[in-house]
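Below is one structure, written out as structure tokens; the observations come after it.
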Amino acid sequence: MITNTELEYKGDLYPSKIVSYEQEVDSVYFYTSNSVILKVTILRDSMLRFRYTTKGYFSNDFSYAIDQNHSHGYNFLEVDEKETMYQIRTSKVICNIQKSDLRIAILDIDGKVILEDELGFHWEESYEFGGNIVKMSKTSRDGESFYGLGDKATQLNLKGKRVENFATDQYAFQKEQDPLYKVVPFYIGLQNKQAYGIFFDNTFRTTFDFCHDRRNVASFWADGGEMNYYFIYGPKMKDVVISYTDLTGKPELPPLWTLGYHQCKWSYYPESNVKEITAKFRALKIPCDAIYLDIDYMDGFRCFTWDKNHFPDPKRMVAELAADGFKTIVIIDPGIKVDKEYAIYKEALDKDYFCKRADGPYMKGKVWPGECNFPDYTNPEVREWWAGLFKELVADIGVKGVWNDMNEPAVMEVPNKTFPNDVRHNYDGNPCSHRKAHNVYGTQMARATYHGVKKFAYPKRPFVITRSAYSGAQRYTSSWTGDNVATWEHLWIANIQVQRMNISGMGFTGSDIGGFAEQPTGELYARWIQLGVFHPFCRTHSSGDHGHQEPWAFDEEVTDISRKFINLRYQLLPYLYTMFWQYIEYGIPMLKPLVYFDQEDIQTHYRNDEFIFGNQILVCPILEPNALGRRMYVPRGQWYNYWTNLMFKGGKEMWVDTKFDEIPVFVKAGAVIPKYPVQQYVGELDFDELTLDLYYKEGTEKSVVYEDAQDGYDYKKGRYSFLSFQVTGKKNELIIQLHKDGKFDTSYSNYKINFIGLPFEVKTVEINNEKFDFDKKTFDNVNFLVVEKEFRVLHIIGV
Ligand code: GLC
């Protein structure tokens, strides 16, 4: 049953009958006659935590994933003893615990089963490592679907799959290849149109089996640690994802420029090459906000140093790039070169900050610089030291963001590509081996980096990007999907990975546009940019030994398509920023797979390609060469084709024509989409109007726009502007009610409202119940109005 793990299967053990129970405030303990204890903690009416031990006592309760500020508290809790079971009731769920064998069933308050143990908790003693393999199995009913689990390169719906979580440097990974770089042991089950979630907070290597081994069983297990999972009740997927994201934490707002376009390569050097690239963006009028320096900027790949031949004066260069609107982002890896002359190495050695083998010596492994030692980021003192190292890069030189790579941790020339299991870690005062710390190593590195960049970038906001991550990493960092390949199949994978990451709490993610390994054709690059501009993180990156991969590296048509789509991203910045705000404020994923958008419609349960960008834009990439269009599923509701402005009804699969310079994009009827003018970088232009594209619909629809100073922390003191537009369309009138909140005054004074799909000829316009003089001729031709931003009610009346 555990064929995929490193350990050999020996035979399972089970809890025996419950002999006593006790309640302690929000927790109930159940004791069995063979020393198993189950602790059920009620975090919220809709969230229960299940913790099991077989030792007769619990180890210290510590988690890197859980956000200390998560919401907790319930309205109702009752614990009852019945003849054959105990029953815990909240206002949302009922949890039955069998007296005979400790098996669990969770029901909604109408008594409908949501999730039931099959074998339930069981374990296997593994003398190979001297601990237990802890297991859980649940009955899966017909028609159940499964989603989540981070960066898996397979269909969105995981039904029938088995996946493993072990952070791995997987260069040029393939479809279905597993495990990859990220570890998010969280899934959403959807059965009978009702959703629930399971978060198995165990950092050891974990495996999830979704009806792969046995048709009606979903199970998960870990190569050590505790059976410790959270059950999250829906019944909407939205409730599950929001609660999971609340539990594991939300980030702060990133600076707006990070939502612009980023250009990267391994590597741009020397300085003149960097400048050539940035100048070309400006010359070709392709917007770009960030330029990356990969490992070659360093002196012999020593972190926190510069190759002075190639970059004689980094501070000047970074300032010159900044004057042209470019923010410089540099890579920092965890491997510290073994070199007695290298200050950082010496300091870490003196302070005893490197990871050690169980028998004493430092953990030594090869990465880019050759032999390296590796800081133990699970030690809070090491994190503090590491954060301090960013002073020069960020405060003195002016670097705006840091890119953490190879932090699975990746080690070269060894078969398992990482540390041996015996390496010791501090684990924030809970000493352990690498078996337990492996999956969190990258997150703790990114966390330390984040604190450093944040401290020295203050009062500006930090930017960090990581390759490896464990649940909760989103509190500190964005991420990318690692070393993909320039193939059409990888475009398909990227689309799914980014959607999956979004419903796994880690929304600020993108892929290496165009593919990292090998070289894309111009057509593939164009199709990738067309998708990439709709990903929360948007960066082209490639390995230099495969040729050039800038938007102009192909032909003029591809350059024009790249510009057109990057321009569109820059126009949509206020829309993107608003969806980011909804993510940090409420935990709402920025991209929504169709099943998340409409779980009631079973047509959505197995869809992969189409997704909702924000709340109101439907996107479907073109994933094949020579396409003149594609079949796709348009979810229920009324939609406008973005390119033709024609409205139609969804709820069906259909053919959509596209040209090479288009992909299917649709806007939900009733939506108000905010747009900025195209800028070459964020903050380039002062403008006096916010454009609002209003898509008429008969009925009512609400749209919101969040804005603030685009950087800094004033937004936390209420200095933001929150606009809420309620649009009501009738046969021959349209009413727009605007509600404004927040203390930030946007610099523009007007809205330019584009009316799309108005079914009537406009006779009069009233603003706040007063007649508004407008040029009817112009209106009839171009269908827009410019109105002062202070209006409350705009009334358009037709004939
Ligand atoms: C790894 C990273 C890649 C980077 C390269 C060199 O392969 O995934 O993005 O360019 O290392 O630093």
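Both counts, for ligands and for their atoms, begin at 1 and track the order of listing.
- Of the options F326, F537, F281, a ring-ring contact (aromatic ring centres under 6.0 Å, His included) to H262 is made by F537 and by none of the others.
- Salt-bridge formation is detected for the pair E347/K351: a Lys NZ or Arg NE/NH1/NH2 atom is positioned less than 4.0 Å from an Asp or Glu carboxylate oxygen.
- For the side chain to side chain donor-acceptor pair (under 3.5 Å) criterion with K265, the lone passing option out of H548, Q549, H541 is H548.
- At least one N/O-N/O distance between D483 and ligand 1 falls below 3.5 Å.
- When non-hydrogen atoms are compared, ligand 1 lies under 4.0 Å from the side chain of W403 (C-beta onward) but not from its backbone.
- With distances taken over non-hydrogen atoms, the option nearest atom 10 (O) of ligand 1 out of V367, D294, D512 is D294.
- Each of the atoms 12 (O) of ligand 1 lies under 4.0 Å from some heavy atom of I331.
- Between Y64 and Y427, the ring centre distance stays below 6.0 Å.
- Residue contacts with ligand 1: W480 is placed with no nitrogen or oxygen under 3.5 Å of a nitrogen or oxygen of the ligand (distance criterion only).
- Checking only distances, D405 does come within under 3.5 Å of ligand 1, N or O to N or O.
- Near W368, meaning under 4.0 Å from one of its heavy atoms, ligand 1 places the atoms 6 (C), 11 (O), 12 (O).
- Each of the following atoms of ligand 1 lies closer than 4.0 Å to a heavy atom of H541: 3 (C), 4 (C), 9 (O), 10 (O).
- Residue R467 approaches ligand 1 through these ligand atoms, each under 4.0 Å from one of its heavy atoms: 1 (C), 2 (C), 7 (O), 8 (O).
- Between E252 and R475 there is no salt bridge, since none of the side-chain N atoms of the basic residue sits less than 4.0 Å from a carboxylate O of the acidic one.
- Under 4.0 angstrom from ligand 1, there are no non-hydrogen atoms of D169.
- Salt-bridge annotation for D299 and K308: absent, with no side-chain N of the basic residue lying under 4.0 Å from a carboxylate O of the acidic one.
- A salt bridge is defined here as a Lys NZ or Arg NE, NH1 or NH2 lying under 4.0 Å from an Asp or Glu carboxylate O, and K152 with D178 meets this definition.
- Residue-level proximity to ligand 1 for Y171 is absent, since no heavy atom of it falls below 4.0 angstrom.
- Taking a cutoff of 4.0 Å between a charged side-chain nitrogen and a carboxylate oxygen, D151 and R467 do not qualify as a salt bridge.
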